[in-house]
Amino acid sequence: METVLTFLFVTGIVWGGVTVFILKAIKFEKKKREEPQ
Amino acid sequence: MEQKEFFTSRWGLIISTLGIAIGTGNIWRFSRVVAQNGGGSFLIPWVIFLLIWSIPLIIAEFAIGKSTRLSPIGAIGKTAGKNFAWMGAFIAFVSTAIMFYYSIVTGWCIRYFVSAVSGDLFNASSHLIYWQEFSTSGFPVLYHLIAILIGGFVIYKGVVKGIEKANRFLVSSLLIILIILLLRAVTLPDAIEGIKYLFTPKLEFILDYKVWLNALTQNAWDTGAGWGLIMTYAIYMKKKEDIALNAALIGFGNNSVSLIAGITIFSTVFALSSNDAMIQISQSGPANTGLTFIYLPLLFTKMSDSILINTIFASLFFLALSFAALTSLFSMMELATRTIIDFGLSRRKSIIIVGVAGFTFGLPSALNMDFFINQDWVWGVGLILSGAFIAFAIIKYGVDKFRKDVINGFGSDIKIGKWYNLLITLLIPIQVVVLLSWWLISSTTWDPEWWNPFHTENLGTCLAQWLLVISLFVLLNKTFIKHLLKNGN
């Protein structure tokens, strides 16, 4: 049980973090491209 | 000096900066330290220190580099005040001193890749003897030269055609190779035992302060935070580029790669070892080489009955290691080159100076393992001081002003709150004091003559070399400022 919880905690923060920030970066890049220069 | 060359896009910047962060430490040091510190018990503080050490310092480096457009000497002088340019010189020197021996590590990786491809590695009767024969021969010098030449060529080509182009290829390939190796490793029989060990926490380890200090050390050495390298690449980010989001992406991205490498190595070792997996995976060897250069080649011979398949996976592993080392080496060479450029020399002249100095000053480490270990110890611990100097520069500037004007200034996609002030003014300094004290005090316990500056790994050699370098840079402080101002900075 504690192994699964640690796996979820560690990968959730690290891999979850990288996924969230990649998605945010894509969103902001798209927004910047759509904005008039 | 007006900045003319920039990374072409956010992705060019991110992939190049990831190249700094992802190094050999993600692959060999991480797995060894996890094994020595109780598997899952280590990963919990390791994640916490990513949030309270690495990411705040990566944000700081991006912000200082972007706002000053100068290499560490001028950047720290401009942020903290003219009297403190010597701190920037120390940061630049530490990373350059690491470059001198890191190119040797890069050379080892390239050599083992060549050995794996040629099948030479699998013909060795003993991998320990193979390593000993290689490391005491003239080959490390030859491969050190090859690493310096590759690095020099990339830096000479400039930011876009050199650094960005090389990193786009190398970092992408590295990630693909690591995922292929991960998929192979987790499908080996009994690989689950390795994964279980990696993620099972043990209470006695969580309560041990040394596990927490090792987790902080791993973050300090592995993410590239506080080295001045990210600060140097940030010179080339466009004004409209964001700081905080990119910094978070680098921190999480770097530790994601460590996790992938950790799962791969633990799965492989547990699947293919008889009953000595933990002893082998914890083995350090000279300069952390035991697991990577002695034990893993042996494991690759056991991966399957097919020599071709074993050769392919061993080659891919050492290719990934070579790519990881090269991308970090580029950033160290660029830091040294950019520092000279800031004093008025051309990129061409600067890279020739850096290449010649890199090869020459790397020679003692290539030829003598004790010298290598000494430099790794002195400047590895010196990085913690570099991190402290970066935090000091921001404190001197005014953390709240820095946060509002620079980090949350033009181009920022996400705004950083007041929590950042607390991290920089309180938590980073506490971590520096605790970590430095622990490493230096510990070093007195493993050497009775802890004061002797001529010993390989002790307090005396660290303090003597730091003091020598700091004294020299304090004396040169006025010269730094004069020349940097003269060049229109």
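Labels below follow one simple rule: chain letters A, B, ... track the order of the sequence lines, proteins then strands, and each chain is numbered from 1.
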Salt-bridge contact A/K27-B/D413 (side-chain N to carboxylate O under 4.0 Å): no

Do you know which of A/V20, A/T11, A/V10, A/L5 has the most heavy-atom pairs with chain B at a distance under 4.5 angstrom? A/V10

Carefully, step by step, assess A/W15 and B/I260 under the rule side chain to side chain contact (heavy atoms under 4.5 Å, CB included). CA-CA 10 Å; A/W15 289 344; B/I260 291 173; 3.9 Å; yes

For atom NZ of B/K415, is the number of surrounding heavy atoms from other residues, nucleotides or ligands below 6.0 Å larger than 12? yes

When rounded to the nearest 0.5 Å, the distance separating NZ of B/K202 from CD of A/E2 is 10.0 Å

Given 3.5 Å as the limit, does a donor-acceptor pair link the side chain of A/K24 with the main chain of B/I414, or not? no

Do A/F28 and B/D242 come close enough that some side-chain heavy atom pair is under 4.5 Å? no

Can you tell if the side chain of B/T200 reaches within under 4.5 Å of the side chain of A/T6, non-hydrogen atoms only? no

Can you tell me how far CD1 of A/I13 sits from OG of B/S256, rounded to the nearest 0.5 angstrom? 11.5 Å

What part of B/I55 gets within 4.5 angstrom of chain A, counting heavy atoms only: side chain, backbone, both, or neither? neither

Do B/I14 and A/F21 have side-chain heavy atoms sitting under 4.5 Å apart? no

Between B/P201, B/G251, B/A248, which shows the greatest number of heavy-atom pairs under 4.5 Å with chain A? B/P201

Side-chain heavy atoms of A/T3 within contact of B/Y197, under 4.5 Å: no

